[in-house]
Structures are given as structure tokens and as C-alpha cells.
Amino acid sequence: MVGTLKSLLCGAVALAIGAHAAPSCSAGNTARTFEAENAILSGTTVDTAQSGYTGTGYVTGFDQATDKVTFTVPSTTTRLYDLTIRVAAIYGDKRTTLILNNGASSEVFFAAGTTFVDVAAGQVLLNQGSNTIDLVNNWGWYLIDSITVKPSSPRPAHQINASPVNAAANSDAKALYKYLRSIYGKKILSGQQDLSWANWIAQQTGKTPALVSVDLMDYSPSRVERGTVGTSVEEAITHANRGGIVSVLWHWNAPTGLYDTDAHKWWSGFYTDATDFNVATALADTTNANYTLLIRDIDAIAVQLKRLQTAGVPVLFRPLHEAEGKWFWWGAQGAEPCKKLWGILYDRLTNYHGINNLLWVWNSLAADWYPGDATVDILAADVYAQGNGPMSTQYNQLIDLGKDKKLIAASEVGAAPLPDQLQAYEAHWLWFAVWGDTFINNESWNSLANLKTIYGSDYVLTLDEIQGWKTAA
Ligand SMILES: *[C@@H]1O[C@H](CO)[C@@H](O)[C@H](O)[C@H]1NC(C)=O
Ligand SMILES: *[C@@H]1O[C@H](CO)[C@@H](O)[C@H](O)[C@H]1NC(C)=O
């Protein structure tokens, strides 16, 4: 309502006095701030105890799952805006769920701090007229002062590096890199975790994902000792043989120190809370027994990656994923030991084992966790947010992290992104891969109607559409 009035008024003034009126009609081009204390509060309250707020207060009391603040934001046209949230995360690292117009949701991370700060919260595509932006509890216990929207500048051309970081990358890896670079910014590869779920999608939508992601988990020596038999290399080769692209992650079961209790079984031994294995101690000197075990495990995985190399399968390799979350042991001791382990992995696989079919996918967003440009080909985020949105917050964070020189992928998602949203937001994810059971087959994450829209879209590449990619680029 407000937006409509304003644009009518603006239009009338502009007509009456022509170009000179432009500055007074620039509501659509300048930053606009909306105070939280003037928004609609649900289960939340206005407070003033923490100094440094703007306006007459801030909103707090996010302690129940449904607690939220709803901003009403008019726009004179349908267009993209950069969104900033002014927040104080005085109780530690926090996350909020951002919901636009009761539809797509995304997560925004608030780093712990003692004062109010402006946090870039990605972009929002506002409709002409009135819009709502909800900030919903999620981790809760943060203080929201205001939000600011500013029209986004068009995304500049990407500056993607011309070749893989490994100078000895083999022809398969180089061909994959070249192909990925050729489609980046133009299309997205459809992808799915696990071959069986990829085949399930084919049954549901008539289209097979272009990319299949598999897990080396069951080749971890501490699982093999307990009887696991990995099959994911065979699955990867099956998908590659039908012309598909393969991504590999590794839920690395801790080499030793598994609790193996009823609450923390041996097979959950990649979780921080299932092991007392300490990566920092293990890496502290190269002669201790646990360092040796790490190398033993890397060598075991090298055997599997070599099978893929021999089979002519280039691999989007994503070890040490989600490290910054600290829920996996490789991230549990902070950024430094994790980066060190990444360096050891890269060196051991590349230089010692001569595995050159890999493109290296780094999977944390935070700058202080980044192992550096020299060992990373692709940046990736794992995003579990409902609503089939474009995940532009994470995309833009990764653009910043890689200075737009690295390809960017949505390596794990709960909800597959809708192509019209991806294009409107210029969120140029190279691929998305939906997690398997309880996500891909779950209507609250991916309705069949949305899957059909996604798999039927021209913007989304499916297996049939990437045939011959090795020689296409
Ligand atoms: C190796 O790790 C295990 C499991 O955490 C631990 O009990 C042991 O003390 C470690 N060994 C050394 C030499 O640090
Ligand atoms: C579907 O997803 C919802 C939301 O995450 C979850 O609560 C529910 O358990 C899931 N259903 C199934 C059958 O996995």
C-alpha cells in the first residue's frame, strides 16, 4: 500500500517537473532502513538495555521456535536488493531464518560480538508493492536493531581461473574443469546424493540428475575393521559410464578413539561427539601414533580414488566438509588443524600418490577456515533451508571468499533450488546436490511438482543434456 502510493506520487511529480524531480523520487535507488521496533512482533519484545541501537530500541526474546519479527518493505518495482541486518549476537554465534513473502527461506549467520553490527544477509527479490521479510528464531538469542535494503548492482562478469590448481591434473580432470567453466553462470547441473536416489528422481520426473555424489565413508579403516564394505566407487563408475559427472565426499570415521556406546555408535564416528580423537594433538608432531593413523586412512582412500582415476572418472573431491560447523572431528579443534589436515591430504594424494583426477572442493564459508587459493578449485556450501530458494546469501559469501575466481557449488542442499529464483538472483551455483532419504523424498523439502519444474527447466542440465561433456567444451 505505502509503496503504491509513493510510486504514484513520485510518478506524478516526475511528470510535472521532469528530470529535476529525479532526486526526490529515488526511493527505489537508495538504501532504506526499517527499524525492528516498528515491525510486527510475534513472541518477541522491544528492549533498550543494550546500547548502540538506532531508532527507539531493538527486538529481542527469540526463544521459541516460532518467535519472529516481520518487516513490511515496499518496493516501487520488482527488483533485487542487498539486505543488511543490524544485529548484536551478544550470546555467541547465532543463526536466523529469513523468510521472504512467506515463501523461500534462507539462513543468515551472525558471528558472536559485543556490539550492534551490520551483517550482509544476501539479496532479496522484492515484488512491486508490499513485501514481508520475517526473521525467525532458529538458534535464537540475538538482538535485531533494523534491516536495510539497497538496490543491488548487476553482478559483474566472473573471473574464473583458467585451469585446475594441480598443475599435474590429468586430461579427465582438465576436461571436467573446462566443461564446468564453460557452463558456469549460464546453467546449473542437477545433482543428487547417492545413485539410488538419482535413479528414484528419474522414475519420478523422467529426468536423471547430471551429477551424482557418493560417500567414501565405508572405506574409512575404522569402519572396515568393523565389517563395512564400501560400494560407492562402483556407483560412481556406473554413473560416469552413463555420461554423468561424479562428486565424492568422505564422512571420515575417526581413525581411533571411537566411543562406540549406545548413544554414540562406532558408525557415527565422524561426529565430534562420537570420538575423543583430537586432530590438533595428532597433527602436532609427525612421529606420534595418531599422525600415522591419519596417513594410514588417507592412503586407504587413495586406493579408492585411484580406482576412479584408472576408470577414467574425474572427481569433484570434497573431503573435510562442513568443517567450520565443528560437528565433525576434523573441524572440532578449530580452523588451524583443519587447514593443516587439508594441506596434508592435498599433498599426500597429489604429490605422493599421483592422484591427478581430482578437482578440489572446499566446503566452508568462513574466511579464517579457508586453506587458500593454491589447493582449492571449487568453493561449496551445504545449505539446509526449506522453500527451494536460491541460497544467495551463501553464494555471495563464496563469491567474496574466492574473489570470484573460483567456481561455486551447492554441494549439499535439503531443498533443490527453483530455476527462476536462481536466475532472478544471479545465484550462479554450478551444481546442486540434494541429500538423500528424508530430504529428496520429503514433500516439506521437495514437492514432486517442484522437482518436475526443476528437472524440466532449460536452465537445469540433466544427464541427457550433458552427454559428451568431456569433449564438448
Ligand atoms: C591417539 O588418540 C587416542 C584416541 O583419542 C588417544 O586415546 C591417544 O592418547 C592418542 N595417542 C597419542 C599418542 O596422542
Ligand atoms: C520431512 O521433513 C520434515 C522437516 O524437516 C521432518 O520433520 C520429517 O520428519 C520429514 N519426514 C520424513 C518422512 O522424513
Side-chain angles (χ1 to χ4, degrees), residues 64-66 68 95-99 102-107 134 136-140 192-194 196-197 200-201 203-204 220-226 251-261 263-300 322 325-334 336-338 340-341 344 382-389 391 410 412-417 432-451 454:
Q64 303 295 311
T66 53
K68 62 179 180 177
R95 288 172 199 274
T96 190
T97 300
L98 188 155
I99 301 176
N102 298 311
S105 70
S106 59
E107 260 192 359
D134 291 328
V136 189
N137 183 32
N138 200 327
W139 289 12
Q192 178 58 40
Q193 183 65 34
D194 296 335
S196 57
W197 286 112
W200 179 87
I201 290 172
Q203 288 161 15
Q204 301 295 316
S220 304
S222 71
R223 296 173 89 86
V224 173
E225 284 165 8
R226 291 167 172 84
H251 279 98
W252 184 349
N253 229 62
T256 185
L258 307 178
Y259 296 142
D260 197 14
T261 58
H264 303 290
K265 295 289 196 190
W266 61 267
W267 40 258
S268 58
F270 40 83
Y271 283 117
T272 300
D273 66 7
T275 175
D276 63 8
F277 186 80
N278 185 316
V279 63
T281 316
L283 292 178
D285 81 280
T286 56
T287 59
N288 84 60
N290 289 342
Y291 184 90
T292 308
L293 287 178
L294 287 172
I295 301 299
R296 173 201 68 175
D297 284 13
I298 295 169
D299 290 353
E322 301 176 13
K326 298 187 176 177
W327 42 76
F328 299 132
W329 61 262
W330 51 87
Q333 305 300 324
E336 291 316 313
C338 182
K340 194 168 175 187
L341 185 57
I344 292 167
D382 292 358
V383 185
Y384 286 86
Q386 292 180 352
N388 306 94
M391 306 171 286
E412 280 178 37
V413 297
F432 69 83
V434 183
W435 199 251
D437 199 19
T438 78
F439 290 99
I440 187 62
N441 57 336
N442 184 334
E443 286 275 321
S444 33
W445 290 90
N446 297 286
S447 70
L448 190 53
N450 276 343
L451 286 181
I454 292 163

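One-based numbering, in listed order, for ligands and for the atoms of each. In this text, all values refer to a predicted model and were calculated from it rather than measured experimentally.
- In terms of modelled atom types and a separation under 3.5 Å, the side chain of N388 and the main chain of A416 share a donor-acceptor contact.
- Remark: the backbone N or O of S444 is paired with a side-chain donor or acceptor of N442 at under 3.5 angstrom.
- Between the side chain of N288 and the backbone N or O of N290 there is at least one donor-acceptor pair closer than 3.5 Å.
- T97 contributes no side-chain N or O that, together with a main-chain N or O of N138, makes up a donor-acceptor pair within less than 3.5 Å.
- Using a 4.0 Å heavy-atom criterion, the residues that approach ligand 1 are T256, G257, D276, F277, N290.
- Within 6.0 Å of atom OH in Y259, more than 12 heavy atoms from other residues, nucleotides or ligands are found, so the atom counts as buried in its surroundings.
- Under 4.0 Å from ligand 2, the heavy atoms of W445 that appear belong solely to its side chain.
- The closest donor-acceptor contact from the side chain of S220 to the backbone of R223 lies at 3.5 Å or more, if one exists at all.
- Which parts of ligand 2 touch T438 is read off a 4.0 Å heavy-atom cut-off, strictly below it: atoms 14 (O).
- If you number the atoms of ligand 2 from 1 as listed, the ones under 4.0 Å from a heavy atom of Q386 come out as 4 (C), 5 (O).
- The salt bridge (charged side-chain N to carboxylate O under 4.0 Å, His left out) contacts involving residues 288-299 comprise E225-R296, D299-R348, where partners must be two or more places apart or lie in separate chains.
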